Amino acid sequence: MRFRFCGDLDCPDWVLAEISTLAKISSVKLKLICGQVLKDLQGEGTDYEKILKLTSDAKFESGDVKATIAVLSFILSSAAKHSVDSDSLSSELQQLGLPKEHATGLCRSYEEKQSPLQDSLRARSLRLNRLDSVSWRVDHTLSSSELQQVNEPLVHLKFTVRDGDRGVTEPFAMTVSAEKFRVLLAELRQAHAMMKTLS
């Protein structure tokens with residue numbers, strides 16, 4: 001059976017297996033856990049201790065809590081990626097065996113945050129690392145103790161790159177000959193022109 005929230009594909013087996021785990025939590029607590037997962041999906045971080053407290057009466061082990069977070073994260077992010085409305089999502093989750101009151105609570109949380117969640121996912125999609133800054137310097141060596149006449153300009157480039165997931169910046173330095181720099185510049189201009197046509 002195909003599901004819209006799975007991109008019109010079959011539901012993954014591990015999601016099917018975890019639906020019964022979700023059913024062990026009360027619908028009110030499931031809605032609160034969804035709120036925490038939605039915060040995490042939007043890059044605001046999640047309060048793991050709060051989730052542990054919410055799942056404590058269901059006697060969940062650490063693995064069950066992690067599986068609950070993973071399956072909710074998958075359902076909510078996949079539904080947002082495929083622009084599934086909350087009524088369709090609720091219907092599909094009930095077809096998978098999630099009780100109606102659980103599906104309704106989950107979908108209410110999803111509906112409230114669908115637009116900001118899609119914006120957040122869009123902002124992070126197809127992003128690896130971001131370029132923070134570029135600095136450069138040209139050295140023109142006329143001669144050295146090794147060679148009588150060098151007469152070769154060298155371009156020193158330093159890129160500061162921000163890791164998209166961790167937010168940490170790292171410097172990358174490289175030195176290229178003038179000829180290689182001209183090739184690099186030409187290829188970057190071609191790539192930039194192609195990107196402009198796509199947007």
Side-chain angles (χ1 to χ4, degrees), residues 2-15 34 36-46 48 66-67 69-86 88-89 92 110-199:
R2 301 185 183 284
F3 296 91
R4 283 185 58 206
F5 83 94
C6 295
D8 288 322
L9 298 171
D10 288 337
C11 185
D13 291 340
W14 71 271
V15 173
C34 282
Q36 289 296 315
V37 171
L38 283 163
K39 279 170 114 179
D40 187 47
L41 288 172
Q42 292 176 72
E44 298 170 22
T46 184
Y48 191 71
K66 289 175 183 173
I69 293 169
V71 75
L72 287 174
S73 181
F74 175 81
I75 290 168
L76 295 167
S77 63
S78 293
K81 284 177 193 170
H82 300 293
S83 298
V84 178
D85 62 282
S86 61
S88 299
L89 180 60
E92 289 183 351
Y110 167 70
E111 189 174 25
E112 290 168 6
K113 300 285 185 179
Q114 182 179 5
S115 185
L117 176 59
Q118 286 176 323
D119 292 342
S120 173
L121 292 171
R122 203 173 289 120
R124 288 184 290 155
S125 70
L126 299 175
R127 297 269 159 118
L128 298 174
N129 296 332
R130 287 184 174 214
L131 188 62
D132 260 12
S133 65
V134 178
S135 59
W136 57 274
R137 182 181 89 227
V138 177
D139 291 343
H140 193 96
T141 309
L142 299 174
S143 64
S144 72
S145 60
E146 302 289 319
L147 296 167
Q148 283 299 314
Q149 190 167 4
V150 177
N151 211 14
E152 171 83 22
L154 291 175
V155 180
H156 301 278
L157 297 168
K158 183 180 176 188
F159 302 98
T160 307
V161 179
R162 180 175 301 278
D163 186 306
D165 294 329
R166 297 179 294 144
V168 179
T169 57
E170 290 183 53
F172 289 100
M174 60 191 267
T175 303
V176 292
S177 67
E179 183 57 36
K180 284 186 179 180
F181 178 74
R182 278 191 281 277
V183 171
L184 173 66
L185 188 60
E187 288 181 355
L188 286 173
R189 283 183 175 148
Q190 275 183 322
H192 186 253
M194 289 171 76
M195 289 170 65
K196 274 187 167 179
T197 63
L198 296 174
S199 59

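Quantities reported herein were computed from a predicted structural model and do not represent experimental measurements.
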Exercise. Are Thr160 and Glu170 side-chain neighbours, meaning at least one heavy-atom pair lies under 4.5 Å?
Worked result: no
Problem set entry | Within-4.5 Å side-chain heavy-atom neighbours: Phe5 and Cys11 | yes
Problem set entry | Where Leu89 and Ala79 come nearest, the two heavy atoms and their spacing | CD2-CB, 3.9 Å
Problem set entry | Heavy-atom pair with the smallest gap, counting every atom of Val176 and Met174 | CG1-CE, 3.7 Å
Seminar exercise, completed: Between Cys34 and Leu76, the two heavy atoms sitting closest are O-CD1, 4.3 Å
Exercise. Between Phe3 and Pro12, is any pair of side-chain heavy atoms under 4.5 Å apart?
Worked result: no
For this session: For residues Ser177 and Leu154, report the shortest heavy-atom separation together with the two atoms involved.
Result: CA-CD2, 4.1 Å
For this session: State, yes or no, whether a side-chain contact exists between Arg2 and Asp10 at a heavy-atom distance under 4.5 Å.
Result: yes
Problem set entry | Min side-chain heavy-atom separation Leu157-Phe181 under 4.5 Å | yes
Exercise. From Ser120 OG over to Glu44 CD, what is the distance, rounded to the nearest 0.5 angstrom?
Worked result: 8.0 Å
For this session: Find the distance between CG (Leu38) and CG (Leu72) and round it off to the nearest 0.5 Å.
Result: 8.5 Å
Exercise. So how far is it from Gln118 CD to Ser83 OG, rounded to the nearest 0.5 Å?
Worked result: 4.5 Å
Exercise. Tell me, do His82 and Arg4 make a side-chain contact under 4.5 Å, heavy atoms counted?
Worked result: no
Exercise. What is the distance from atom CD of Glu179 to atom CG of Leu184, rounded to the nearest 0.5 Å?
Worked result: 12.0 Å
Exercise. For His140, does the NE2 atom sit with more than 12 other heavy atoms under 6.0 Å from it, leaving out its own atoms?
Worked result: yes
Problem set entry | Nearest non-hydrogen partners of Cys6 and Phe74, listed with the distance | SG-CE2, 4.2 Å
Exercise. Counting distance only, does the side-chain N/O of Tyr110 pair as donor-acceptor with the main-chain N or O of Ile75 below 3.5 Å?
Worked result: no
Exercise. Given side chains that start at C-beta, do those of Thr46 and Lys39 come closer than 4.5 Å, heavy atoms only?
Worked result: no
Exercise. Around Asp8, counting heavy atoms of other residues, nucleotides and ligands shown, do more than 12 lie under 6.0 Å from its CG?
Worked result: yes
Problem set entry | Nearest-0.5 Å distance that lies between atom CE in Met195 and atom CG in Leu188 | 10.5 Å
Exercise. Is the closest side-chain heavy-atom distance between Ile69 and Tyr48 below 4.5 Å?
Worked result: yes
Problem set entry | Heavy-atom pair with the smallest gap, counting every atom of Leu117 and Ala80 | CD2-CB, 3.6 Å
